[in-house]
Amino acid sequence: MRTLCEEISESDTGKEFTFKGWVMHYRDHGGLIFIDLRDYSGILQIVFDENIDNESFKIAKKLKNEYVVSIAGTVRKRPEGTTNAGLKTGGIELLAKSVQILNACETLPFQIDEEAEVNEFTRLKYRYLDLRSKRLKDNLIFRSKFTYLIREFLNNKGFFDIETPFLTKSTPEGSRDFLVPSRLNHGHFFALPQSPQLFKQILMVSGFERYYQIVRCFRDEDLRADRQPEFTQLDMEMSFVEIEDVMSVTEELFALIFNKLLGIELKRPFKVLDYDEAMDKYGSDKPDTRFGLIINNLTDVFAGSQLNVFKDNIQKGGVVKAVCLPDGSNLLSRKDIDELLSVVKDFGAKGLAWTKVGENGLFEGGISKFISDDERNKAVARLEAKSGDIIFYQSDSKKTAENVLGRLRLYLAKKYRLIPEGRFDLLWVVNFPLFEYSEEEKRIVSVHHPFTSPAKKDLGILEKEPLSVKSDSYDLVLNGEEIGGGSIRIHDPELQGKIFEILSISPEDAKLKFGFLLDALGFGAPPHGGIAFGVDRILMILRNESSIRDVIAFPKTQKAYCPLSDAPSAVKDVQLKELGIKLRETAGKNIKSE
RNA sequence: GGGGCUGUAGUUCAGACGGUUAGAACGCCGGCCUGUCACGCCGGAGGUCGCGGGUUCGAUCCCCGUCGGCCCCGCCA
């Protein structure tokens, strides 16, 4: 019978127990040895005393860090003055009566729970050791509780957990597919799903009405701190619903998660921001609303500006927008301001105009001498600027000005620590455009995906003004990260056909690529809609981590390589032969073995 | 595809104008220690300075290339 380290307490004093786990710390005092024993529940101090049990004491002498042991003994209160407030079991200890070494451990490539940050490649190579650390272990246990809570909630709400294929069809829109060659159909390939989108819609046609899945998705794109080639989505779909129904279930779910896992009561309903307003005020479709630095439009104020960069741009139809950094005069030296210029140039800005706000709201430095009293008073009023602030201006196309200022406000907030810690800002962004024009492809493309329903009110202008059409889609944003998105889908094959037409996807192509969904829509598809959440990203934010790698058990490096398993790797020629595959000459250069 | 930072002992980091034997801390090995908890004290081992080439009398340091790691842009419906 085995007991866990943190299962016992002072009330167990005098009782005998057996513990099994790892030697976390080893402190040899000559005639007395302490070890901190770690199991998945926590830590317990064990004492070996040569005068009390010489047999086990001799074995204890051989123990080293991370040895696996089984130790039996008696629980006792620690002598006065030797308790450890830092440990949950710090008031007690186990006096060992017998000990058995279950397994030894080689010298560690890095210290577990070491405060200094160990090179991530080494940590990934020995991931099993890194996962012994409290931080990563707690993250994964949290993840398990998180997914359990979701399943419990959705099952109670009448959702069915239904699996969809991993070996599926490559689809043209969206991200690059991971391909899997078919041995039985040479020259044909499966694709791993970017998401179960088409299948969950088909499940609605089948009449399940409420579906969910916590499912792996695959996208062969470049990696980032918040992007892995395989990641986990909470995928949901419902029949006979409107936007409000999807939002309502989502909000209830998130309220539950925050309440049960973080002890935080979320305010409901969540804030809802129009896409246009998000772009206008935050320069982003995933605004971080934890801090100010709101972008303001000053185009009307500077319509008659004597500053040519402002005047000419406005005449061309551009905008002048600005953010005000409170106390910026103190925070930034002249050199800092100069450095900001190169920062915003990286963001795509042509320049960076600025003014300091001095006494009585008068402007100093930068472009102040080109600004009239009237322009200044209006700008100060609109930005609610106070003396000591700095105002940064962008005069450019609406798109560029908003993008630059949106990124500038994030940059400034991070650099000058304006983001309050421990705060969670959840909000919806709605009324996205249905389409946008792709310069690269020289055609109209979907902002969300081609099955997203246009907003009812815009159906009349669908063909005349497609770029003005809004969609019935919604994104959920947490602390400036997009953590989920979804839409009401098109369930009318005729409307779906029109959308493909606008996207310049021919009926033949549409049939080839999505034919099975289009067929299904023709057999009594109910109105339906859904949403999908990035599980890893949510966990990253809830756990206050800076990378999703820290909430994934076995993540990959930025080159999509797994140092633990050495994947991907070359395969034997016979394997390729079976698949009917011959490598191109250029592919051979990087092959290391076999 | 592009930009930035980076690679020195098992780990985290120093290092020098280009010049004897490349240092520290932690870890590891050995010894001492009965109340520690990142125990302490004494001693010891441990280095292809990522890899390849070049310049040089001499390169860990300078130059070129290459491989890897992290962050970002593009990309990610």
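Lettering follows sequence order; numbering is per chain, from 1. Worth saying up front: this structure is predicted, and the values here are computed from it rather than measured.
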Classify [X] by what it touches in the nucleic acid, base, sugar-phosphate, or nothing, heavy-atom distance under 4.0 Å.
X         : result
Arg76(A)  : base
Val118(A) : sugar-phosphate
Asp28(A)  : base
Pro79(A)  : base
Glu106(A) : nothing
Thr82(A)  : base
Asp222(A) : base
Thr452(A) : nothing
Glu117(A) : sugar-phosphate
Phe34(A)  : base

Mind checking the [atom1] distance from [N] to [M]? Whole angstroms is fine.
N      : M      : atom1 : result
G23(B) : A45(B) : P     : 12 Å
A16(B) : U56(B) : P     : 26 Å
C61(B) : U8(B)  : P     : 14 Å

It should be established whether [X] places a side-chain nitrogen or oxygen under 4.0 Å from OP1 or OP2 of nucleotide [N].
X         : N      : value
Arg123(A) : C70(B) : no
Lys64(A)  : C29(B) : yes
Gln111(A) : G10(B) : no

Quick one: His25(A) NE2 to C37(B) P, roughly how many Å, whole number?
11 Å
Strictly by Watson-Crick or wobble contacts shorter than 3.5 Å, is anything paired with G43(B), and which nucleotide is it?
C29(B)
Base [N] to side chain [X], donor-acceptor N/O within 3.5 Å cut-off:
X         : N      : value
Arg227(A) : C76(B) : yes
Arg407(A) : C72(B) : no
Arg176(A) : G74(B) : no

